[in-house]
Amino acid sequence: MNFLTVIPSGVEESRGATQGQFHGVPRLRFASLGMTANRTLTILFCLAFGFASVAHAQSDADFTKANQEYAQGHFKEAISGYEALVRAGQWSANLFYDLGNAYFRTGEFGRAILNYERALALERHHPEAAANLQIARDEAHALELQQSWPERHLQFGSVNQYCIAAAIAFWLAAFALAMLIFARRRSATLIVALIFCLLVGAGAAYAVVTLERGSNGSALAIVTGKDVQARLATADTANSVLALPPGSEVKILSTRGDWIYAELPNTLRGWIPAKNAEQVRL
C-alpha cells in the first residue's frame, strides 16, 4: 500500500520544521502496516492454495492406489481406500462406480447397488453404472419401488435441470410483467409470453416436487443387510410384511429410534432396522 507523502510548501516551511518529524513517524508506521497486511494476505492465499493443491493431489493418489488394489484383486483393500475418500467428501460418480464394482466382486450386492445408485444420482447418464446396476439387481433378486405415472414421464430430465428451467421461466415472466406494467400500450406478444413462462415455470416446479417425492427422490434408501424383514411394528418378533433381498429399494417415511418406517416395493409399508438400509443421497 503506497501513501502519498506531503511536501510542505514555502509558506508553511516554518511550521514544517516542527511538524514534519511528528507527521512523518505515523506515515512510516502506517505504510509498514499496509505492506505487512498485504504480505500476510498474500502468504495466507498461497498457503490456502497450497493446502488445497496438496489435498487434491493426495486424494488423486489415494484414488489411484485404490484402483491399483482393485486391479490386483485386493477388493477389500480397494473398498477401504474408496470408503476413506467417501468419508473425506471426495465424491464423484466414478468413485461410487468403482466402489460399487469392488463390493460386487466381494458378493455384497446390497452395497454394490447402493453405490451404483449414488453414481447415477451424481451423474444421471453414466452408462456403465446403469448397466452394472441392472446386473447386480438380477444377481441379488432385488425389489424395486413402483414409479408413478407422472414420474415415469418426467425421467428425461433431472431435478437440477427442472430447477434451472423454473428459475429461467420465473425471471422471464417477471421481465414480461414489468414490460406490461410500464408499457404505454399492452402488447399481445408480451401477454402470450407471460402466460407461456408462467406455465413453463409451474410445470417445472411440479416436476421438481414429483421427482423429489417419488421413488428416486431424496428419501430413497437401499437395503444393505441380509435376510431383512419389513415388520408391522418396531420389534424383531412382530409379524413380517415383506422379505427384502439385499439391494431392494425402500422409501423412508419416518424414523423411530433404531427403526425406520418405509414404503415398500409392494406398495405396503413396514418397519425395518435402520442399520440395514442406507439413503442413496449423502
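What you see is a predicted model; the values in this text were computed from it and never measured.
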For Ala93 and Leu122, work out which heavy atoms get closest and say how close. N-CD1, 3.9 Å
Grouping I, L, V, M, F, W and Y whenever their side-chain heavy atoms are under 4.5 Å apart, do Val200 and Ile195 come out in a common cluster? no
Kindly work out whether a path of hydrophobic side-chain contacts (I/L/V/M/F/W/Y, heavy atoms less than 4.5 Å apart) joins Leu220 to Leu133. yes
Please report the shortest heavy-atom distance between Ala140 and Pro245, naming the atom on each side. O-CB, 3.5 Å
Residues passing the side chain to side chain contact (heavy atoms under 4.5 Å, CB included) test with Ser254, sequence neighbours excluded, are Tyr261, Trp271
Heavy-atom donor-acceptor pair, Glu249 side chain to Leu145 backbone, under 3.5 Å: yes
Less than 4.5 Å apart, any side-chain heavy atom of Glu151 and any of Asn216? yes
Nearest heavy atoms of Ala112 and Gly100, plus distance in Å: CB-O, 3.4 Å
Ring centres under 6.0 Å, that's the criterion: do Phe109 and Phe104 meet it? yes
Looking at Lys251 and Arg213, would you say the former's side chain and the latter's main chain have a donor-acceptor pair under 3.5 Å? yes
Does Leu85 belong to the same Ile/Leu/Val/Met/Phe/Trp/Tyr cluster as Trp91, with side-chain heavy atoms less than 4.5 Å apart forming each link? yes
Give the cluster check for Phe175 versus Phe170: same hydrophobic cluster or not, with ILVMFWY residues linked at side-chain heavy-atom distances below 4.5 Å. no
Report yes or no: does Arg118 contribute a side-chain atom to a donor-acceptor pair with the main-chain N or O of Gln279 at less than 3.5 Å? yes
For Gly201 versus Ala166, what's the shortest heavy-atom pair and its separation? O-CB, 4.2 Å
Side chain His126, main chain Ala129, donor-acceptor under 3.5 Å: yes
In Å, rounded to the nearest 0.5 Å, how long is the span from OG1 of Thr189 to CG of Leu194? 12.5 Å
Using modelled atom types and a 3.5 Å cut-off, is there a donor and acceptor pairing between side-chain atoms of Arg111 and backbone atoms of Tyr103? no
Rounding to 0.5 Å, atoms CG (Leu232) and OG1 (Thr237) come to a distance of 11.0 Å
Name all residues meeting the side chain to side chain contact (heavy atoms under 4.5 Å, CB included) criterion together with His141; count only those two or more places apart in sequence or in a different chain, and write none if there are none. none
Rounded to the nearest 0.5 angstrom, the CG-CG distance for Leu143 and Leu242 is 6.0 Å
Could you walk me through whether Lys275 and Asp258 pass the side-chain contact (heavy atoms from CB on, under 4.5 Å) test, one step at a time? CA-CA 7 Å; Lys275 65 181 180 180; Asp258 295 332; over 6 Å; no
Point-to-point distance, once rounded to the nearest 0.5 Å, from OH of Tyr116 to CD1 of Ile222: 13.0 Å
Which atom names give the shortest non-hydrogen contact between Gln229 and Ile272, and what distance separates them? O-CG2, 3.9 Å
Should we say atom CD of Glu212 is surrounded by more than 12 heavy atoms from elsewhere, each under 6.0 Å from it? yes
Is the number of heavy atoms from other residues, nucleotides or ligands under 6.0 Å of Arg124 CZ greater than 12? yes
Would Leu172 end up clustered with Ile164 when hydrophobic side chains under 4.5 Å apart are linked, directly or stepwise? yes
Would you compute the distance between atom CZ of Phe96 and atom CG of Asp98 and round it to the nearest 0.5 angstrom? 11.5 Å
Determine, step by step, whether Arg137 and Glu117 satisfy the salt bridge (Lys or Arg N to Asp or Glu O under 4.0 Å) criterion, reporting the C-alpha distance in whole Å, the side-chain angles of both residues, the deciding distance to 0.1 Å, and the verdict. CA-CA 11 Å; Arg137 280 175 175 166; Glu117 290 276 17; 2.7 Å; yes
When rounded to the nearest 0.5 angstrom, what distance separates CD in Glu144 from CD1 in Ile113? 8.5 Å
Which heavy-atom pair separates Ala277 from Thr224 by the least distance, and what is that distance? N-OG1, 3.9 Å
